[in-house]
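To start, the structure under review is shown below, and the notes come after it.
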Amino acid sequence: MSGKLIIISAPSGCGKSTIIGDIMDRGDLDIQFSVSATNRKPRAGEVDGVHYHFLSDERFRELISEGAFVEYEQVYPGRYYGTLRSEIENRVAQGHNVILDIDVKGGVNVKKQFGDRAMSIFIEPPSIPELQHRLELRGSDNADAIKVRVDRAAYELTFKDCYDHVVTNDELPKAIAEVEKLISDYIADK
Ligand code: ADP
Ligand code: 5GP
């Protein structure tokens, strides 16, 4: 029996990694994380092969021409991110469920390819100023990078109706519980 995909998208800084990390760390659900490839540099604390496969521009281009991606997007100017076939195809064929943290265009694209075998969840912030505040507190991006991310958030929010479910990340424990319940119900339904 093949596994399913869980697509999670949200504007950067909404708390997507925090929510996915919490659910994965507790390990109550049978889901594996799809490690994306990117040509951006690692942030402090990010580990190659765990958070992302950090690639050179050249290697990323090679993989595109080899057809190694299920999807890839230029999410920010010059910054590419993509889902590798090797991260999902074997696992799904072996019956494992796979969770993807990808941007809105990638999310819509994967949902289109996998149909009922994928469930998509959009995580929205309580407000754009709160999103900016979280990015500032996270401290991993400089002011220019934060502006790029906040400016893009309004665009990304226009995609939320394309998703199967929308969860607001206001109080973190509540958002985690909502996402976990959606995933648990979806994977239980064979
Ligand atoms: P994303 O993966 O969507 O870019 P992160 O998970 O890195 O976002 O979260 C951005 C920042 O906001 C982090 O510093 C995180 O600890 C914080 N955060 C996440 N959820 C909440 C919440 N509900 N309330 C306040 N801060 C939050
Ligand atoms: P960050 O640089 O904050 O880690 O991620 C920036 C954006 O890239 C986020 O919206 C994240 O979901 C998205 N992203 C990460 N991996 C992928 C991927 O494989 N494909 C696509 N399309 N977007 C991705």
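Everything quoted here is computed from the prediction, not taken from an experiment. Index from 1, following the sequence. Below, all heavy atoms of this structure are taken into account, side chains as well, without hydrogens, waters or symmetry copies. Numbering of ligands and ligand atoms starts at 1, following listing order.
Not a single heavy atom of Leu137 sits closer than 4.0 Å to an atom of ligand 1.
Between Glu46 and Lys41, no side-chain nitrogen of the basic residue sits less than 4.0 Å from a carboxylate oxygen of the acidic one, so the salt-bridge criterion is not met. Between Arg61 and Glu58, none of the side-chain N atoms (NZ, or NE/NH1/NH2) sits under 4.0 Å from a carboxylate O, so this pair counts as no salt bridge. Ion pairing between a basic and an acidic side chain is recognised when a charged N comes within 4.0 Å of a carboxylate O; Glu62 and Arg59 show such pairing. In this structure, Asp103 does not pair ionically with Lys105, as no charged nitrogen and carboxylate oxygen lie closer than 4.0 Å. By the 4.0 Å N-to-carboxylate-O rule, Lys147 lies close enough to Asp151 to be salt-bridged with it.
Heavy-atom proximity to Leu172, at under 4.0 Å, picks out these atoms of ligand 1: 20 (N), 23 (N). Atoms of ligand 1 found under 4.0 Å from any heavy atom of Ser12 (numbered from 1 in listed order, with element): 4 (O). Near Thr18, meaning under 4.0 Å from any of its heavy atoms, are these atoms of ligand 1: 5 (P), 6 (O), 9 (O), 15 (C), 19 (C).
Of the candidates His133, Arg134, Arg43, it is Arg134 that places a heavy atom closest to atom 11 (C) of ligand 1. Between atom 23 (N) of ligand 2 and the options Asp103, Val70, Leu100, Asn109, the minimum heavy-atom separation is to Asp103. Across Tyr52, Tyr76, Tyr72, Tyr80, heavy-atom proximity to atom 5 (O) of ligand 2 is greatest for Tyr52. Taking only non-hydrogen atoms, the option from Val75, Leu135, Ile8 nearest to atom 7 (C) of ligand 2 is Val75.
Of the protein's heavy atoms, Gly13 O, 3.5 Å lies nearest to atom 10 (C) of ligand 1. For atom 14 (O) of ligand 1, the closest heavy atom belonging to the protein is Arg138 CB, 3.6 Å. Of the protein's non-hydrogen atoms, the one nearest atom 20 (N) of ligand 1 is Asn169 ND2, 3.0 Å. The protein atom (non-hydrogen) at minimum distance from atom 8 (O) of ligand 1 is Gly15 N, 3.1 Å.
In Glu46, neither the side chain nor the backbone holds a heavy atom less than 4.0 Å from any atom of ligand 2. Within the 4.0 Å heavy-atom criterion, the part of Asp170 lying near ligand 1 is the backbone and not the side chain. Residue-level proximity to ligand 2 for Arg79 is absent, since no heavy atom of it falls below 4.0 angstrom. Contacts of Lys16 with ligand 2, taken as heavy-atom pairs under 4.0 Å, involve the side chain alone.
For the pair Arg152 and Tyr76, the cation-pi test (distance below 6.0 Å, angle within 45°) is passed.
Some N or O of Ser17 is nearer than 3.5 Å to an N or O of ligand 1, by distance alone.
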